[in-house]
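Here the structure comes first, spelled out in structure tokens, and everything after it is commentary.
The basis for the numbers below is simple: all heavy atoms, side chains too, and nothing from hydrogens, waters or symmetry mates. Computed from a prediction, not measured in an experiment: that's the story for all the values here.
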Amino acid sequence: MNTTITVWMDPTPGLQTLRATFPHWGFLYNPFAYQWLAIRAQHPTLSADTPEDLARDLGRYEQQATKPPAGHLMRDQNHQTTNAQQQRA
């Protein structure tokens, strides 16, 4: 006979860590689906199985979201307009 044991996990430490690391995001834990969610207005909702996975995915998402598109003009510290072609020259 198979017996399934369900272990309840206290989400408080994971939520506290996520909220401290990413203060502009909201976090939820759905114990029925065992899913961790990151929500923020005008951004996609991110979902993961563990708070560590969610932190990793959210860090990657934020890095991609802050990257300028290829060929995008940027201002450097001296306020000179530069782009990838000018930097290589």
Side-chain angles (χ1 to χ4, degrees):
M1 171 154 87
N2 273 342
T3 304
T4 303
I5 298 174
T6 302
V7 177
W8 185 79
M9 182 184 80
D10 181 10
T12 304
L15 289 170
Q16 289 174 340
T17 301
L18 287 166
R19 289 173 179 156
T21 307
F22 303 98
H24 299 294
W25 286 80
F27 297 97
L28 301 168
Y29 174 65
N30 181 345
F32 301 106
Y34 301 105
Q35 287 293 300
W36 292 80
L37 305 168
I39 56 173
R40 185 174 178 183
Q42 311 224 352
H43 292 273
T45 298
L46 302 177
S47 173
D49 293 333
T50 67
E52 295 81 13
D53 290 346
L54 187 56
R56 182 198 64 224
D57 294 346
L58 190 51
R60 288 179 183 165
Y61 172 78
E62 285 191 336
Q63 284 178 347
Q64 290 175 353
T66 58
K67 245 189 219 179
H72 178 75
L73 295 177
M74 295 176 33
R75 292 189 163 264
D76 65 11
Q77 292 177 348
N78 297 324
H79 302 289
Q80 299 171 345
T81 302
T82 60
N83 66 23
Q85 290 83 15
Q86 290 174 341
Q87 290 174 356
R88 283 189 232 132

**Request:** Could you pull out all residues at least two apart from L15 that satisfy side-chain contact (heavy atoms from CB on, under 4.5 Å)?
**Result:** P11, R19, F27, W36
When rounded to the nearest 0.5 angstrom, what distance separates [atom1] in [X] from [atom2] in [Y]?
X   : Y   : atom1 : atom2 : answer
L28 : I39 : CG    : CD1   : 4.5 Å
T17 : L54 : OG1   : CG    : 11.5 Å
L58 : L18 : CG    : CG    : 8.0 Å

**Request:** For residues 54-63, pull every pair meeting side chain to side chain donor-acceptor pair (under 3.5 Å), keeping only residues two or more places apart or in separate chains.
**Result:** W25-E62, H43-Y61, D53-R56
**Asked** If you group Ile, Leu, Val, Met, Phe, Trp and Tyr by side-chain heavy-atom gaps below 4.5 Å, do Y29 and L46 land in one group?
**Response**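 Same cluster.
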**Message:** Among residues at least two apart in sequence or on other chains, which ones pass side chain to side chain donor-acceptor pair (under 3.5 Å) with T12?
**Reply:**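 Partners of T12 under the side chain to side chain donor-acceptor pair (under 3.5 Å) test: D10.
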**Item:** Qualifying residues under side chain to side chain donor-acceptor pair (under 3.5 Å), relative to S47, sequence neighbours excluded
**Value:**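 Side chain to side chain donor-acceptor pair (under 3.5 Å) check on S47 returns Q35.
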